[in-house]
Novice: 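If you scroll down you'll find the structure; I have some questions about it.
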Amino acid sequence: MFSYLRERFTSHLRERSRRRARLVSKDGRCNIEFGNVEQSRFVFLIDIWTTILDLRWRYKMTIFISAFLGSWFLFGLLWYVVAYIHKDLPEFNPSINHTPCVENINGLTSAFLFSLETQVTIGYGFRCVTEQCATAIFLLIFQSILGVIINSFMCGAILAKISRSKNRAKTITFSKNAVISKRGGKLCLLIRVANLRKSLLIGSHIYGKLLRTTITPEGETIILDQVNIEFVVDAGNENLFFISPLTIYHIIDKNSPFFHMAAETLLQQDFELVVFLDGTVEATSATCQVRTSYIPEEVLWGYRFAPIVSKTKEGKYRVDFQNFSKTVAVETPHCAFCLYNEKEAKAKEKKGYDNPGFVLSEVNETSDTKM
């Protein structure tokens with residue numbers, strides 16, 4: 001009992017360590033951090049637009065609210081200073097004939113309200129700038145211009161984040177597992193991908209990268225070494241007609257990094273298969289990239305995907321997403337090397353072979369029959 005629990009605990013820790021080592025999560029987020037960066041954080045403020053777009057919503061909304069409240073309060077203080085210098089406040093007991101710079105500013109609260117009304121162009125009509133002070137007129141113009149800039153930048157940043165094609169990628173889904181089985185007489189690694197919207201991705205292109213640790217002939221260890229993995233469908237890997245779920249596959253031939261793997265040794269491998277799908281959103285013409293990854297535990301050898309598309313009595317095509325990631329066990333060679341050896345053996349059986357030791361001798365036949 002104790003050995004069983006220890007084995008389970010060890011396998012659980014091994015699984016957790018593998019999950020932590022994943023570079024790309026299933027939903028496409030990259031698990032990487034940068035340390036000891038020599039450049040200052042100030043460089044991110046140079047490209048302030050991208051920095052604002054990449055912020056999380058809670059930080060973005062904090063900046064949004066702080067920008068408006070801060071500008072209102074700052075200009076409220078300036079309006080209060082103008083009224084204080086011109087002695088428009090009630091504590092100075094202005095005369096009846098006194099003309100203030102701003103009508104009806106009696107303190108800091110009313111100055112803040114006037115700043116708010118000016119910047120958002122409410123214009124209640126109770127407080128207004130008079131022609132008495134050139135300073136107040138200049139401050140009014142400056143606040144109006146700065147208010148338009150703040151409105152344009154912050155509202156534009158919110159709109160740009162909402163309309164980012166990154167959100168369109170949420171409606172592109174990959175199968176939970178990848179499978180390895182025969183397809184068209186060849187051993188293939190298959191993945192299923194689906195578009196949950198009826199709008200298409202234009203010019204779609206799919207490809208993959210195999211990440212693993214390799215050692216060069218010179219003895220250099222390369223972590224996260226990238227190997228190109230070509231994925232195709234029956235019509236190619238570009239300009240996919242992505243209206244229904246597609247099963248993409250990678251042919252495991254002699255040039256494939258999966259060629260020397262077998263069903264028994266697959267789980268012992270240390271790799272991560274990252275799959276990318278690039279396309280253009282039909283509605284916005286913005287480019288979009290969707291990505292996911294598979295580790296050895298998520299690659300099933302000897303399985304294929306269950307059928308997902310059917311035709312109804314009304315003549316419509318129906319996609320059953322309940323079977324989207326469902327797999328069915330099929331007879332599959334336990335390694336690609338064995339499959340190709342089997343094919344070569346069958347091909348040799350159909351061919352004849354010359355025997356170099358065979359000598360053809362001619363025999364003269366004589367007839368013993370006499371007439």
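We're numbering straight along the sequence, starting at 1. Quantities reported herein were computed from a predicted structural model and do not represent experimental measurements.
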Novice: Taking Lys176's backbone N and O only, do any of them form a donor-acceptor pair with Ser325's side chain (distance below 3.5 Å, no angle check)?
Specialist: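 A pair under 3.5 Å: yes.
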Novice: Using disulfide (SG to SG under 2.5 Å) as the criterion, list what pairs up with Cys288, not counting sequence neighbours.
Specialist: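 With neighbours one apart ignored, the set is empty.
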Novice: Roughly how far, to the nearest 0.5 Å, is the CG atom of Leu113 from the OG1 atom of Thr118?
Specialist: 10.5 Å
Novice: Students often mix this up, so state it plainly: with edges at 30° and 60°, are the rings of Phe138 and Phe142 parallel, tilted or perpendicular?
Specialist: parallel
Novice: Between Tyr84 and Phe92 (judged by ring centroids, cut-off 6.0 Å), do the two rings come close enough to count as a pair?
Specialist: yes
Novice: Test Ser95 against Asn97 for side chain to side chain donor-acceptor pair (under 3.5 Å), laying out the working first.
Specialist: CA-CA 5 Å; Ser95 61; Asn97 298 327; 5.7 Å; no
Novice: Quick check on side chain to side chain contact (heavy atoms under 4.5 Å, CB included): which of Phe258, Trp301, Phe259 does Leu187 satisfy it with?
Specialist: Trp301
Novice: Using only atom types and a distance under 3.5 Å, with no angle test, would you say the side chain of Ser110 pairs donor to acceptor with the backbone of Ile105?
Specialist: no
Novice: Run the salt bridge (charged side-chain N to carboxylate O under 4.0 Å, His left out) test against Lys87 and tell me which residues pass, sequence neighbours left out.
Specialist: none
Novice: Check this for me: does any side-chain nitrogen of one of Glu282 and Arg197 sit under 4.0 Å from a carboxylate oxygen of the other?
Specialist: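 The answer is no: the pair does not qualify as a salt bridge.
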Novice: For His86 and His98, take the angle between the two ring planes, folded into 0 to 90°, and tell me which bin it lands in: parallel under 30, tilted 30 to 60, perpendicular over 60.
Specialist: tilted
Novice: May I ask you to check if Lys26 and Tyr294 form a cation-pi contact, with NZ or CZ under 6.0 angstrom from the six-membered ring centre and within 45° of the axis?
Specialist: yes
Novice: Please identify each residue that fulfils disulfide (SG to SG under 2.5 Å) with Cys188, with sequence neighbours left out.
Specialist: none
Novice: So does Lys209 pair up with Glu272, basic N to acidic O under 4.0 Å?
Specialist: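 Judged by the 4.0 Å cut-off on N to carboxylate O distance, Lys209 and Glu272 do not form a salt bridge.
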Novice: Hey, can you tell me if Trp49 and Phe153 have their rings parallel, tilted or perpendicular (30° and 60° cut-offs)?
Specialist: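 Trp49 vs Phe153 ring planes: perpendicular.
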Novice: Considering residues, nucleotides and ligands other than Phe112, do more than 12 of their heavy atoms fall under 6.0 Å from its CZ?
Specialist: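 Yes, enclosed.
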Novice: Should the heavy atoms of other residues, nucleotides or ligands under 6.0 Å from CZ of Phe73 be counted, would the total exceed 12?
Specialist: no
Novice: Should we say atom CD of Glu131 is surrounded by more than 12 heavy atoms from elsewhere, each under 6.0 Å from it?
Specialist: no
